[in-house]
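Naming convention: chains lettered A, B, ... in sequence-line order (proteins, then strands); numbering from 1 in each chain. In what follows, every heavy atom counts, from backbone to side chain, and hydrogens, waters and symmetry copies are set aside.
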There are 2 protein chains.
Amino acid sequence: MKGKIFIIEDEASIVQLVQHNLEKEGFVVSSSLNGNEGLKELKKFEPNLLLLDWMLPDLSGIDICKNIRRDSNFKSLPIIMLTAKGEEEDKIKGLESGVDDYVTKPFSFNELSARIKAVLRRSDPKVVANELIFEDLKLDRIEKRVFRSDKEIQLGPTEFRLLEFFLTNPKRVYSRDQILETVWPNNVNVESRTIDVHIRRLRQSINIEGKKELIRTVRASGYSLI
Amino acid sequence: MKGKIFIIEDEASIVQLVQHNLEKEGFVVSSSLNGNEGLKELKKFEPNLLLLDWMLPDLSGIDICKNIRRDSNFKSLPIIMLTAKGEEEDKIKGLESGVDDYVTKPFSFNELSARIKAVLRRSDPKVVANELIFEDLKLDRIEKRVFRSDKEIQLGPTEFRLLEFFLTNPKRVYSRDQILETVWPNNVNVESRTIDVHIRRLRQSINIEGKKELIRTVRASGYSLI
DNA sequence: TCTTAATGTTACAGAAATATTACAAATTAA
DNA sequence: TTAATTTGTAATATTTCTGTAACATTAAGA
């Protein structure tokens, strides 16, 4: 079950872009171009998260923030602030007014999306997918646990990330280079053969007696989750 | 759903040729003959991929590239660089400025098209066709799987490429030389009779009981997919 | 029908890719 | 600090794939 997101932001183009993409991801979205009205609508809408522009024509983002925090119904509403580059970042960072995160414009939708999910995951795990599931394999991103057929499996950090990666796109074949780029921290240089070893370790961990192999080797191409 | 492609290239004849052919293939294409303007238009256009000339009158391709990579909205926009022959290939190859591929002029449209699709397939699989289908034969380029009448078939790497090749132009007859050029990695020398053997292996794999032969021998000419 | 060139088929050795193992260095926990 | 875990790599084993040569079969024209 995806959650509800409210946007208060005066640049219509941004609202449009974000709203459209979030809806495509399954969120229910409502928005306002204006601070005062936005506040009212927001309280009717009861979102799981608020995207809030820092600089609005009528009310400043900060004022809205404070207003919200005073209202016992919304005291713990997660807020992500949208700020223009260089816009007193320090103030916002240090801000104890209860902003959960902030994103500086211009931002890519993917970046924003990732932040939203990260915040929701912490504050309201129900509304965001924390579990990646494929067949009888389950990975919980919050609890950092992995299960095969309801039996918990112990993985090292790298094997965990590797499995997480495969689970985001089951069946798709990834080359060793693609795996390296995504699973390993940037600018780390490891031999591409190293991946074989981690694949082996992952296989060994997730293959329990009597269940089928889940990682497929595609010669000359790479690996995939079946 | 095909994607959007933007072209920045000052030779009008090239732009025309490429734009026309890409549109014929179903892409939405926009272009600019000029670096500075191109940058602006590009950001409005929001393409899935950029074709970028290496040498432009005003800005160099490299500068554009850097500009794009600094903009968080376009940080991961795939870029294919167009370069004249011998034009500091090494620099471009070694380039860490985030070019995804490059094509040297003069190039055939087919070559360019193939590169574009290969890059898109990695970065943005939604916008490019991943399944090649002919009668009851299906090849999935992302999952690297082949099915005949919904029954999965196991192929070695070369047989996979060979079938992929035939599937891009069913019914067309290819000579052994054409097959060699396209299916085998460049600068590899193999006997042309070797192809017969691979055809045999491919036939053996894709011919399932009760279904008709799919590869046709055209004496003195070559082979085709029926 | 005979001849011949082209294609089909088979088997096999070497090559290439992947799997496995062991170990030392690096990291983390105790 | 020591102990335990995790990581990357190199060395080795195993598997799978490739190209070729040798021989078989087929098709088409003389």
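OP1 or OP2 of C/dG8 lies within a sub-4.0 Å distance of a side-chain N or O belonging to B/Thr217. One finds no side-chain N or O of A/Arg203 lying less than 4.0 angstrom from the OP1 or OP2 phosphate oxygen of C/dT20. Between B/Trp184 and D/dG19 there is a side-chain N or O to OP1 or OP2 distance below 4.0 Å. The side chain of B/Tyr223 contributes an N or O atom lying less than 4.0 Å from OP1 or OP2 of C/dG8. Taking 4.0 angstrom as the limit, A/Arg200 places a side-chain polar atom (N or O) nearer than this to OP1 or OP2 of C/dT21.
Under the side-chain contact (heavy atoms from CB on, under 4.5 Å) criterion, A/Val197 pairs with A/Arg201, not counting sequence neighbours. Among residues two or more places apart in sequence or in another chain, the ring pair (Phe, Tyr, Trp, His ring centres under 6.0 Å) test is passed with B/Phe166 by none.
Of the possible donor and acceptor atoms, none in the side chain of B/Asn67 sits under 3.5 Å from a partner among the backbone N and O of B/Asp63. The closest donor-acceptor contact from the side chain of B/Glu9 to the backbone of B/Glu11 lies under 3.5 Å.
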I'd like a list of close polar pairs between nucleotides 23-30 of chain C and the protein, N/O only, cut-off under 3.5 Å.
none

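The CZ-C1' distance, from A/Arg176 to C/dA19, rounds to 11 Å in whole Å. One can place NZ of B/Lys144 at 15 Å from P of D/dC17, the figure rounded to the nearest angstrom. Whole-Å rounding puts the B/Ile215 CD1 to C/dG8 P distance at 10 Å.
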Task: Per-nucleotide protein contact string for nucleotides 21-30 of chain D (B base, S sugar-phosphate only, - none; heavy atom under 4.0 Å) - done: B----BS---
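Between B/Asp100 and B/Arg69 there is a salt bridge, with a side-chain nitrogen of the basic residue lying less than 4.0 Å from a carboxylate oxygen of the acidic one.
A 4.5 Å side-chain heavy-atom check between A/Ile7 and A/Ile14 finds every atom pair outside the cut-off. Looking at heavy atoms from C-beta onward, B/Val173 lies in side-chain contact with B/Arg216 at the 4.5 angstrom threshold. Under the 4.5 Å side-chain criterion, counting only non-hydrogen atoms from C-beta, B/Tyr174 is not in contact with B/Thr182. Residues B/Ile116 and B/Leu22 form a side-chain contact, since some pair of their non-hydrogen atoms from C-beta on lies under 4.5 Å apart.
Relative to the side chain of B/His198, the nucleotides D/dT9, C/dA19, D/dG19 differ in distance, and D/dG19 lies closest.
Residue pairs meeting the salt bridge (charged side-chain N to carboxylate O under 4.0 Å, His left out) criterion with at least one partner in residues 156-165 of chain A, sequence neighbours excluded, are A/Arg141-A/Glu164.
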- [ ] Determine, stepwise, if the pair A/Arg115 / A/Tyr102 fulfils side-chain hydrogen bond (donor to acceptor under 3.5 Å, both in side chains).
- [x] CA-CA 8 Å; A/Arg115 299 288 188 93; A/Tyr102 76 105; over 6 Å; no
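Less than 4.0 Å separates DNA chain C from no heavy atom of any residue of residues 152-160 of chain B.
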